[in-house]
Structures are given as C-alpha cells and as structure tokens.
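Some notes on the structure that comes next.
These numbers come from the heavy atoms of this one structure, side chains and all, not from hydrogens, waters or symmetry mates.
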Amino acid sequence: MTDPQLVLAEGVQRALAAAFGPEYAAEDPLIRPSQFADYQANVAMSLARRLGRAPREVAQVIADHIDIPGTVQISGPGFVNLTLADGWLAAQAAEQLADERLGVATEAQQTVVIDYSAPNAAKEMHVGHLRTTVVGDALVRVQEHLGHHVIRQNHLGDWGTPFGMLIEHLLDMGEEAAVAQLSAGEGNVYYQAARAKFDGDPDFSKRAKARVVTLQAEDPETMRLWHIFMNATIRYFNKVYTQLGVTLRDEDIAGESRYNAMLGQVCDDLQKRGIAVLSDGALCVFPPGFTGRENLPLPFMIRKSDGGYGYATTDLATIRHRVQDLKADRITYVIGATQALHMQMLFASARLAGWLPDEVRAEHVQIGSVLGSDGKMFKTRAGKSIKLLELLEEGEARAAAVVADRAYDEATRAEIAHAVGMGAIKYADLSVSHDSEYVFDFDRMLALTGNTGPYLQYATARIRSIFRRGEYDPAETRGPILLGHPAERALALQLLGFGAVVSEVGAASAPHRLCAYLFDTASAFTTFYDNCPVLKAGSEEDRQSRLALAALTLRVLTQGLDLLGIEVPERM
RNA sequence: GCGCCCAUAGCUCAGCCGGAUAGAGCAUCGGACUUCUAAUCCGACGGUCGGGGGUUCGAAUCCCUCUGGGCGCGCCA
C-alpha cells in the first residue's frame, strides 16, 4: 500500500536527479493538492533561479524525465500537474482495503512521554481541563498507533500550601461528609468553603498554615488525611475520565507530590554547578535569552527566599525523571497556552542543566484558553460554576433527545446518546487547532449538523446500514475496485491519504488535521452515497466495487475516530 | 515598559515550511425525498485576509511598522 503523495514525491525526485544530477535527488518536490489535477509539484519554480533556467523550462525537463503511474501536464508559470491513473488508484485502494493498518506506516519506535489532563486538586476543575484531557488522549492514541511506546503522565496538582486548608476543612467537615462531597464532583464548593474560612477565620488559617508544615514533613496522620482527600478527588477525576472514554488510569498519575523528595537535591545540584544562583535570597536559574522588566534577565525561580519550592522546581525534577528514568525520546506537554513562557524557561533551564539532552525533543502543545460566550476567559465564578459531569450529562441528554423518536430499544438509544454526546463534545475540542482560543458554546458543540462528531458518526451508521440491508459483511468485501464515477474516484483518492495524515498528526501534535481529513472523507462519501447506488448498482461488478469502497470508508472513519477517542455507534 | 500569541465571509474557524480565481461549517436564499438512514446532498449569496511599507516572478503565509485585543513578566501552582 503506497501513499500517492509519497509515490509522486519520489517520482519527481527521480526526475530531478536524472535531469539535473544526483545532488537534486533529495530536493523537496513541493507536492501540494491541486485544483487542476490530483496534485501539483511546485519545485520547478523554486529551482529555476538556482539552475539559471526559466521555470517553465525546468518544469518541462521534469515532465520529460518523470515516471509516475499517471499523467503530467505543465501549466501556468511552471506548475507540474500530476494526475494519477484510475487503474493505479483502484489497485491502491484495494491494497488499502486488504491492509490491516489501512496504509498507516509504523514508525521507528520512540518512547514518548505525554503529559496531559493534570487537574489541580486544590483548584476548581473547569472546562479547560476537558480540553487538555481530550487533546492529550487523542495524541496518546495516535502515537501508540504509529508504533511508539507511550507513557502517559497525569501530573496532578496534589501538593503545596493550599493543601493545609483543604486538610483542615476535611477535619471540620468530618471525613465521610468530605469524601462524599469530593467524589461527587463538588470540589468547587469544598475548595471555596475552605478558602472562605482561610480568608475570614484567623483561627482556621493558623491551623491551615500549621498543617502545611506537618504535610511538608510527611507527618503520618497528616499524610493519612491527605490520602483521604486525594483518593476522593481522584475518584471524581476517574468518573470524568470514564464518562469521556479517556484512557488515563490510576497508574498514570504522577502528581507533584511524587517529586517532593527530589526538590532539595535538584536545587543543591544546580547551585553547586553554578547553574542556579541566589538572587534576593531566592535561588534562580537565569536561562539566556529571557529578559523582563528593565531588560533585566528573567529568573526561573527554583527556591523561594523562605526555602519553599514552586512548580518550577517540580517541573525540573519531573523532566529529569522522564529523561533519565523513563528514557523519553520525546516529551509532550499538553498544557495551557498561558504557560508558554514558563515552559520555554523550563526547557531552557533543563537544557542548561544537562537534564534535557539535544536528542530529546520537548514540546509544549499549547492549549488555547476556554472562553465564555462573552469572549472573556472562561472561569467558574462563585455560584455560577459548571460542573463537568453535569456538562457531560447534558451532552448525552441533548443527543438522546434527537434519537428519542427512533424505533430502537431503550438500551440502544442510551448507547447512541452516550456515543453521540461525548463525540460531539470531544470533536468540538479537537477540531479547532489546539492553540487557538476556544469559545465554549453548548449549542455549537452539541449541534448535530456540519463539521461535528455526529456528522462523522452518522456517515459510518449509513455505511453499516447498507451492509445490513444487503446482508453483506464489510469484513468480507474484496472488490475489485472500479472507479467509473467521479465520486468513486474522488473518494478513493481521499481514502488513500489516510496514512499521510496520521503520521503528520503525530509529527506535529495536531489532531485537528485528522478531524479535517475525516470530515473531508465523510463529505466525499456522502457525495458518493448520493450518486452511486451500492445495492442497486447496475452490475454485480459495480456492486462489489462499491461495497469495497464503502467498507474501506467505514474502516478509515472508524479508525480515525478511534484515534481521536470517539466511539461510533452501529446505528443512529 | 519588556516579551509571547492573536486579528481571514454576518457568526465559528481552516489555510500560514510563499505558488494559480483565499476554503469549510453555521446562518440566509433556491433546488433535490415512490430512492441503500433527507441528522443528507446540489446550487447561490457572502472576504481591500486589521492598516501601511518591504523582500519576491509570485505574500493570508516571510520581514519591518502602526492600530486593536488576549496572555505573561521574582517569591501562587
């Protein structure tokens, strides 16, 4: 099974080498989708100057030397238009159908650490956490599918000064009542109550501060209370994960507390080696190239003047652990865009320290802020908090309303409602580029028309319906595939691009490109569906061919949606 | 003050390793159901790609500048 773009790129490269010499064999042929052909190569124009020849002439020479399974045409200032032969496309599509991996190549295995979700137990969990969770989980699925060894890391906020008041509040409430509230997802209420007492009750804040000290010292009774608090909170996180179909497990939790014991050593080591220096009593790294006010070097503070540690220290300890112990080749942080400066300084400091070697790729997949319908930063305000589980339930309820009049039984309807509701919410998060801001809008994310999860799910349901009605098995179709109608040809060409898109999504950590591809694929299919009767095809050959195209589409859509973490119901 | 990000159709967004008349969804308007699920499809309407300058055969894309937003900038995480 070969990717058309790859075949064409190699064809052009061979032509370049044959025409201009072997040093041009590695030249990027600049293959792009074309409105006048299947693809076009733009390399003739970029090469013209270097070769000292007219662009059109270069294009002609390429065309003269090219050997591809299709036709070549030169147009415009020097575009090389490439059109693949129908027979070749049909044969490739048949191969793709026979290929378990649908043309997705397995890459040389790397160990990829992906840091995502990471809700903070001492802060309100909000819709922004949904996004890093959903995007991170999609990246995990893509990397695993590409053959990499993926290590999920859920870097929970589970340590630090706020836990003093959280533990004291637990004592005030009583353990059972506190656990019930926390695991029910009422963390906001709990946190706000603790905060209010901390701010308004001097006796309470005194106790809370004292509790921080015993927590830092890992006093057994304090640790017991901390565990009670965290276990209840994690139970709530797991409810959200389960409901969403997120692959995070308890063993993926590697919260801040995990690194607590290493912080002193991290600071000592950096100070000893002169990488960190004291400044106004605080221990700081000043990575080169970062300046702030007055053009002064920006500090990456790893120990406060009172001896306490912040998240900079923890993050350094974490990066060291991931490289040295987890043997990461690549570390992906799926974290809010507002942290961009911190992440840059973290990477720079870790490189300085030698804990992040050049061979290890560290990337910050910036998650854009979640905005309210007013266009401002979405934040839960007192009394107006949106509980995540309720939000997910509302998604399901809205989806259920749409299938309410279907003749399915109760259980089937519930399954559909779940898949469609979660699919809608997740797809909304995934289909816009991860770093752009995201306007939170119930109606839009739950809309069942247009570029949405449900539209894609619906396409798969219609395909299954064809097979059900005709009593065929998608797994049994073999073709051969014939591309007589333009809609069939367009669909085949579209399907063959699957492998390229998946590897691109992995390389660039950009799941929205997979969404765009799947949407285009579903569109190509519905056009085919409208124009090319499958069961009522004019001939047995056409019927078998169209069944094969439908089966291939079904598998590509299902696989693609699975990589995004979106389930497909059998029927809708 | 300094740094980063953003500005594309009425709305929500793609496109940004430079390439042909800038795309999609929603909305609006007009068509298509005795037909494999019409939750669909086809068509129309709609943009000085925030302004200006530059590089280039060619700029939404690269560089400079201005305007308007957002975020961050030493003891929260």
Across the strands shown, which category fits A/D435 at heavy-atom distances under 4.0 angstrom: base, sugar-phosphate, nothing? nothing

Tell whether A/Y311 reaches the base of B/rA77 with its side chain through a donor-acceptor pair below 3.5 angstrom. yes

Which nucleotide in B/rU40, B/rA14, B/rC36 has an atom nearest any side-chain atom of A/K536: B/rC36

Using the C1' atom in both, what is the distance from B/rG3 to B/rU48, to the nearest Å? 32 Å

Using atom CE of A/M345 as one end and atom C1' of B/rA77 as the other, report the distance to the nearest whole Å. 16 Å

OP1 or OP2 of B/rA77 sitting under 4.0 Å from any side-chain N/O of A/Y309? no

Would you call A/D38 and A/R489 a salt bridge, using N to O less than 4.0 angstrom? yes

Give A/T452 one of three labels, base, sugar-phosphate or nothing, depending on what nucleic acid heavy atoms sit under 4.0 Å from its own. nothing

Which value, in whole Å, describes the distance between the C1' atoms of nucleotides B/rC17 and B/rA59? 14 Å

CZ of A/R56 versus C1' of B/rG19: gap in Å, rounded? 15 Å

Please indicate yes or no: is the ring centre of A/F79 less than 5.5 Å from the centre of the six-membered base ring of B/rA20, with the two planes inclined by under 30 degrees? yes

Salt-bridge criterion met for A/D158 and A/R258 (N-O under 4.0 Å): no

Once you apply a heavy-atom cut-off of 4.0 Å, does A/S431 come out as touching a base, just sugar-phosphate, or nothing? nothing

Using the P atom as the point on both nucleotides, what is the distance between B/rC49 and B/rA9, in whole Å? 10 Å

5′-ward residue of the pair A/S433/A/F467 relative to RNA chain B: A/S433

With distance as the sole criterion, do the side chain of A/S305 and the base of B/rC75 form a donor-acceptor contact below 3.5 Å? yes

Can you tell me, in whole Å, how much space there is between the C1' of B/rG18 and that of B/rC2? 31 Å

Rounded distance in Å - CG (A/L535) to P (B/rU37): 8 Å

What's A/Q40 touching, base or sugar-phosphate or nothing? Going by heavy atoms closer than 4.0 Å. base

Establish, with yes or no, whether the OP1 or OP2 oxygen of B/rC42 is under 4.0 angstrom from a side-chain nitrogen or oxygen of A/T527. yes

Atom-to-atom span, CZ of A/R571 to C1' of B/rC36 - whole angstrom: 14 Å

Over 12 non-hydrogen atoms of neighbours within 6.0 angstrom of CD in A/E471: no

What is the distance from CZ of A/R195 to P of B/rA77, rounded to the nearest Å? 12 Å

Spacing between A/Q366 atom CD and B/rG3 atom C1', to the nearest angstrom: 13 Å

If only side-chain N and O atoms of A/R513 are considered, is one of them under 4.0 Å from the OP1 or OP2 phosphate oxygen of B/rA14? no

Could you tell me whether A/G160 contacts a base, only the sugar-phosphate backbone, or nothing, with contacts defined as non-hydrogen atoms closer than 4.0 Å? nothing

Give a yes or no on whether a donor-acceptor pair under 3.5 Å exists between the nucleobase atoms of B/rA20, that is its base, and the side chain of A/S75. yes

Would a line drawn from the ring center of A/H342 to the ring center of A/F300 be shorter than 6.0 Å? yes

Whole-Å distance, A/M572 CE to B/rC36 P, equals 18 Å

If we take the P atom in both B/rG31 and B/rG70, what is their distance in whole Å? 45 Å

Considering every strand shown, what is the Watson-Crick or G-U wobble mate of B/rC33 when both distances are under 3.5 Å? none

Can you tell me which nucleotide in B/rC41, B/rA20, B/rA14 comes closest to the side chain of A/F36? B/rA20

Taking the C1' atom of each, how far is B/rG15 from B/rG23, in whole Å? 7 Å

Less than 4.0 angstrom between a side-chain N/O of A/Y455 and OP1 or OP2 of B/rA24, yes or no? no

Identify whether any heavy atom of A/N81 sits under 4.0 Å from a base atom; if not, whether one sits that close to sugar-phosphate; answer base, sugar-phosphate or nothing. base

Mind checking A/A461 for me? I need base, sugar-phosphate or nothing, with any heavy atom below 4.0 Å counting as a touch. base

Between A/F528 and A/F525, is the gap from one ring center to the other below 6.0 Å? yes

Rounding to the closest angstrom, what is the interatomic distance between B/rG52 and B/rA77 at atom C1'? 43 Å

Have a look at A/C515 and say if it touches a base, only the backbone sugar-phosphate, or nothing, with a 4.0 Å heavy-atom cut-off. nothing

Decide if the gap between the ring center of A/H364 and the ring center of A/F347 is smaller than 6.0 angstrom. no

Once hydrogens and angles are ignored, does a donor-acceptor distance under 3.5 Å link the base of B/rA39 to the side chain of A/R406? yes

Check A/E27 with A/R50, please: is the shortest side-chain N to carboxylate O separation under 4.0 Å? yes

Separation between the P atoms of B/rG51 and B/rA7, rounded to whole Å: 13 Å

With a 3.5 angstrom cut-off on both distances, give the Watson-Crick or G-U wobble partner of B/rC71, or none if there isn't one. B/rG3

Touch check for A/F519, heavy atoms < 4.0 angstrom, all strands: base, sugar-phosphate only, or nothing? sugar-phosphate

Using both distances under 3.5 Å as the test, list the Watson-Crick or G-U wobble partner of B/rC26, or none. B/rG10

Are the charged groups of A/R195 and A/D199 less than 4.0 angstrom apart, N to O? yes

A/Y517 near the nucleic acid: base, sugar-phosphate alone, or nothing, with a heavy-atom cut-off under 4.0 Å? nothing

Determine the contact category for A/H342: base if any of its heavy atoms lies under 4.0 Å from a base atom, sugar-phosphate if only primed atoms, P, OP1 or OP2 are that close, otherwise nothing. nothing

Need one value for A/P299: base, sugar-phosphate or nothing, where a base atom within 4.0 Å counts as base even if backbone is also close, heavy atoms only. base

When only distance counts, do a donor and an acceptor, one from the side chain of A/D520 and one from the base of B/rA14, lie under 3.5 Å apart? no

Could you let me know what B/rU21 is paired to, Watson-Crick or G-U wobble, both distances under 3.5 Å, or none if it's on its own? none

Assert: residue with more 5' nearest nucleotide on RNA chain B, out of A/H434 and A/S465, is A/H434

Rounded distance in Å - CZ (A/F528) to C1' (B/rC42): 18 Å

Under 6.0 Å between ring centres: does that hold for A/Y116 and A/Y333? no

Which part of the nucleic acid, if any, lies within reach of A/A516 when heavy atoms closer than 4.0 Å are counted: base, sugar-phosphate only, or nothing? nothing

